[in-house]
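Below: one structure, written as C-alpha cells.
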Amino acid sequence: MDTDRPAPVDPLDAEVEFLTPGLRSDLLERWNEPRRRYHNETHLRAVLRAVDALESDGEAFDGTAVRLAAWFHTAVFDPTESENNDKSAAFTEKALDPAAPVDEVSRLVRLMGGHRVEAGDLNGAVLSDADLAVLGADPETYDTYSQDVRHEFAHVPGERFVAGRIASLEALLERKSVFLTRAGRDLWEKQAHANLNRELGLLRAGVSA
C-alpha cells in the first residue's frame, strides 16, 4: 500500500485564481440553497472534476476562465424562472475582481443556457462537456440525476414535463455527438447514448426511471 500518495483534493477546495475565500463561501452557500436538488454542490463538484478529467486527457483551454465559469454557472437558480444563466452572468460581472477574465467567464456562463457552442470555442466546448458529463455516468448516477431534475421541476405538470424531457433527450441524440471535445467523446459518449436511449424508452412507455 502506497501510504505516501497524497489524498485527492476536493475540487471545491482547489485553488482557482480570483476565487477568493469570501467569494468561494458565498458561492457555496448559493449552491446549497434548499430549492436545489440537482443544481447543487454535488453537481458543481462533478463539473469541476470533469474539467480536470478533460485537462488530464489533453484538452487545451483557459483553466482559470473555465473553472470560474463552472463556479458561477447557475449561481443564481430558480427552477420556476428561465433566465438563470443570464442572471448568473450578471452576478458574475458584479462579483468578480475586474482583474479577472470577467467578460470570458460571463460569456461562458451565458453559454450554458443552451449549450450552443460554436466551432473553435475551446473554452465553451470544455465547459459544456463538463456540465453534461453526468449523461455519461454509470446508470445509477444517471437515474439519480434524472430524478433530481424532476424534483427541481416538480411545479411543471407531468405530461408537460415528459414532453419537454423527451424533446431535450431527442435533441441530444440527434447531435453529431453529445460531447464536443475529443476527450469528452472518449470518456462519456458511449455511455451517454445508452443512458439517454434508456430514459427515452422509459418516458415513451410512461415509466419513471
Side-chain angles (χ1 to χ4, degrees), residues 7-12 14 31 36-61 63 66-67 69-71 73-74 77 79 85 108-109 111-153 156 161-209:
V9 176
D10 185 333
L12 298 183
W31 281 98
R36 298 171 183 254
R37 179 72 170 263
Y38 172 66
H39 293 90
N40 57 20
E41 180 182 295
T42 300
H43 172 61
L44 173 59
R45 180 181 286 109
V47 172
L48 291 167
R49 281 183 174 150
V51 170
D52 290 345
L54 293 169
E55 186 174 56
S56 296
D57 211 355
E59 296 297 335
F61 57 95
V66 169
R67 288 182 175 89
W71 273 90
H73 89 286
T74 59
F77 180 72
N85 289 281
L108 291 169
V109 170
L111 195 64
M112 291 304 96
H115 290 269
R116 291 182 287 272
V117 180
E118 295 184 2
D121 183 357
L122 300 179
N123 290 342
V126 167
L127 184 59
S128 178
D129 281 6
D131 193 37
L132 297 178
V134 67
L135 303 180
D138 63 87
E140 182 178 356
T141 299
Y142 181 90
D143 288 349
T144 298
Y145 142 75
S146 63
Q147 291 160 10
D148 288 345
V149 168
R150 181 64 184 111
H151 186 277
E152 282 186 342
F153 291 91
V156 180
F161 177 84
V162 169
R165 184 70 179 168
I166 287 175
S168 296
L169 299 180
E170 289 177 337
L172 285 165
L173 288 167
E174 287 169 1
R175 290 164 57 155
K176 182 179 179 181
S177 59
V178 173
F179 298 99
L180 304 174
T181 65
R182 187 274 313 159
R185 291 189 292 273
D186 289 350
L187 289 166
W188 305 306
E189 188 78 21
K190 183 178 180 180
Q191 186 60 47
H193 276 260
N195 287 331
L196 293 167
N197 278 304
R198 181 170 57 85
E199 184 185 359
L200 195 54
L202 291 171
L203 290 171
R204 286 170 173 164
V207 180
S208 297

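Keep in mind it's a predicted model, so treat the numbers as computed, not measured.
A donor-acceptor pair under 3.5 Å is formed between the side chain of N195 and the backbone N or O of L135. When atom types are taken as modelled, the side chain of D143 and the backbone of E140 share no donor-acceptor pair closer than 3.5 angstrom. A donor-acceptor pair under 3.5 Å links the side-chain atoms of E152 to the main chain of H39, judged by distance alone. Side-chain atoms of D129 come within 3.5 Å of backbone N or O of L180 as a donor-acceptor pair. Judged by distance alone, with hydrogens and angles left aside, the side-chain atoms of E59 form a donor-acceptor pair with the main-chain N or O of A183 at under 3.5 Å.
Between Y38 and H43, the two ring planes are tilted [angle within 30° to 60°].
Distance check, rounded to the nearest 0.5 Å: CZ of R49 to CG of L12 gives 8.0 Å. Considering OG1 of T181 and CG of L54, their distance stands at 4.5 Å, rounded to 0.5 Å.
The shortest side-chain heavy-atom distance between H73 and V47 falls under the 4.5 Å cut-off. You'll find the side chain of W31 stays beyond 4.5 Å of the side chain of T42, heavy atoms only. In this structure the side chain of Q191 never reaches within 4.5 angstrom of the side chain of Y142, judged on heavy atoms. V178 places a side-chain heavy atom less than 4.5 Å from the side chain of H193. Counting only heavy atoms from C-beta outward, the side chains of W71 and V109 never approach each other to under 4.5 Å. The shortest distance between side-chain heavy atoms of Q147 and R150 does not fall below 4.5 Å. In this structure, L111 and D121 have side chains that are in contact, with non-hydrogen atoms separated by less than 4.5 Å.
Salt-bridge formation is detected for the pair R67/D52: a Lys NZ or Arg NE/NH1/NH2 atom is positioned less than 4.0 Å from an Asp or Glu carboxylate oxygen.
The two residues P11 and R45 come nearest to each other via the heavy atoms CG-CG, 3.6 Å. N40 and R37 get closest at one heavy-atom pair: ND2-O, 2.9 Å. Considering all non-hydrogen atoms of both residues, S146 and R165 come closest at CB-NH2, 4.0 Å. Closest of all the heavy-atom pairs between H115 and S128 is ND1-OG, 2.8 Å. Across all non-hydrogen atoms, the minimal contact from A70 to L48 is CB-CD2, 3.8 Å.
In this structure, the side-chain contact (heavy atoms from CB on, under 4.5 Å) partners of A133, at least two apart in sequence or on a different chain, are A50, W188.
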Please determine whether side chain to side chain contact (heavy atoms under 4.5 Å, CB included) holds for the pair L127 and V117, giving the CA-CA distance in whole Å, both sets of side-chain angles, and the decisive distance to 0.1 Å. CA-CA 10 Å; L127 184 59; V117 180; over 6 Å; no
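Other residues, nucleotides and ligands place more than 12 heavy atoms under 6.0 Å from the CZ atom of R175.
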Side-chain donor-acceptor distances from residues 166-174 under 3.5 Å, at least two apart:
unit_1: S168; atom_1: OG; unit_2: G164; atom_2: O; d: 3.1
unit_1: E170; atom_1: OE2; unit_2: R204; atom_2: NH2; d: 2.5

